[in-house]
Amino acid sequence: GIIAGDAFGISATIVHVTGNTSVIEATGVNGIAIKGTDITVDSNSGSIRATNNTGGSAISGKNVTVTGNAGRIEATK
């Protein structure tokens with residue numbers, strides 16, 4: 001399924017996304033698809049994106065680790 005929000009797709013202190021095959025997105029101005037302090041993304045084959053906005057980010061965190069990514073991680077205007 002799709003995880004979507006205007007400001008955030010996912011927002012938490014610790015975020016661990018494993019095996020995403022669908023879409024995680026933020027669609028609003030300055031939106032962030034995944035926001036947290038410690039973020040780990042493993043085996044992503046889907047999309048993590050901030051779309052149709054100005055100043056957005058696909059992933060925003062203090063400690064970010066992405067491994068095994070075959071999908072798209074992007075921010076577009």
Side-chain angles (χ1 to χ4, degrees):
I2 296 173
I3 298 172
D6 187 50
F8 307 108
I10 298 172
S11 178
T13 302
I14 299 171
V15 178
H16 191 168
V17 176
T18 301
N20 173 49
T21 59
S22 190
V23 177
I24 300 170
E25 72 179 339
T27 58
V29 173
N30 299 319
I32 301 170
I34 300 176
K35 178 181 184 266
T37 302
D38 296 305
I39 301 169
T40 303
V41 177
D42 297 318
S43 304
N44 174 56
S45 62
S47 295
I48 299 170
R49 63 189 184 203
T51 58
N52 301 322
N53 64 61
T54 301
S57 298
I59 300 174
S60 178
K62 184 175 180 181
N63 302 302
V64 177
T65 303
V66 177
T67 57
N69 182 58
R72 293 182 150 245
I73 299 173
E74 65 184 344
T76 61
K77 184 175 177 183

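Source: prediction; values computed, not measured.
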Exercise for review: Report the distance from atom CD1 of I24 to atom OG of S47, rounding to the nearest 0.5 Å.
Suggested key: 9.5 Å

Study note, to complete from the structure: Between the CD1 atom in I14 and the OG1 atom in T37, the distance rounded to the nearest 0.5 Å is 8.0 Å

Check your understanding: How long is the span from the CG atom in N63 to the OG1 atom in T40, to the nearest 0.5 Å?
Key -> 9.0 Å

Point to revise | Nearest-0.5 Å distance, OG of residue S22 to CD1 of residue I3 | key: 8.0 Å

Review point. Under the criterion side chain to side chain contact (heavy atoms under 4.5 Å, CB included), which of T18, V15, I48 is the partner of V41?
Key: I48

Practice item. Would you name the heavy atoms of A33 and A58 that are closest together and state the gap between them? Key: CB-O, 3.1 Å

**Study point:** Side-chain heavy atoms of I39 within contact of T65, under 4.5 Å
**Key:** no

**Study point:** Atom pair CD (E25) and CG (D6), whose distance is rounded to the nearest 0.5 Å
**Key:** 10.5 Å

Contacts table for residues 69-77: side-chain donor-acceptor under 3.5 angstrom, sequence neighbours left out:
residue, atom, partner, partner atom, Å
N69, OD1, N44, ND2, 2.8
N69, OD1, G71, N, 3.4
N69, ND2, G71, O, 3.2
R72, NH1, E74, OE1, 2.9

Practice item. Quick one: closest heavy-atom pair of A7 and A26, and the distance? Key: O-CB, 3.8 Å

Check your understanding: Do D38 and H16 have a side chain donor and acceptor closer than 3.5 Å?
Key -> no

Practice item. Group every Ile, Leu, Val, Met, Phe, Trp and Tyr by side-chain heavy-atom contacts under 4.5 Å, then state whether V64 and V17 land in the same group. Key: yes

Exercise for review: Could you tell me the separation between the CG atom of N30 and the CZ atom of F8, rounded to the nearest 0.5 Å?
Suggested key: 9.5 Å

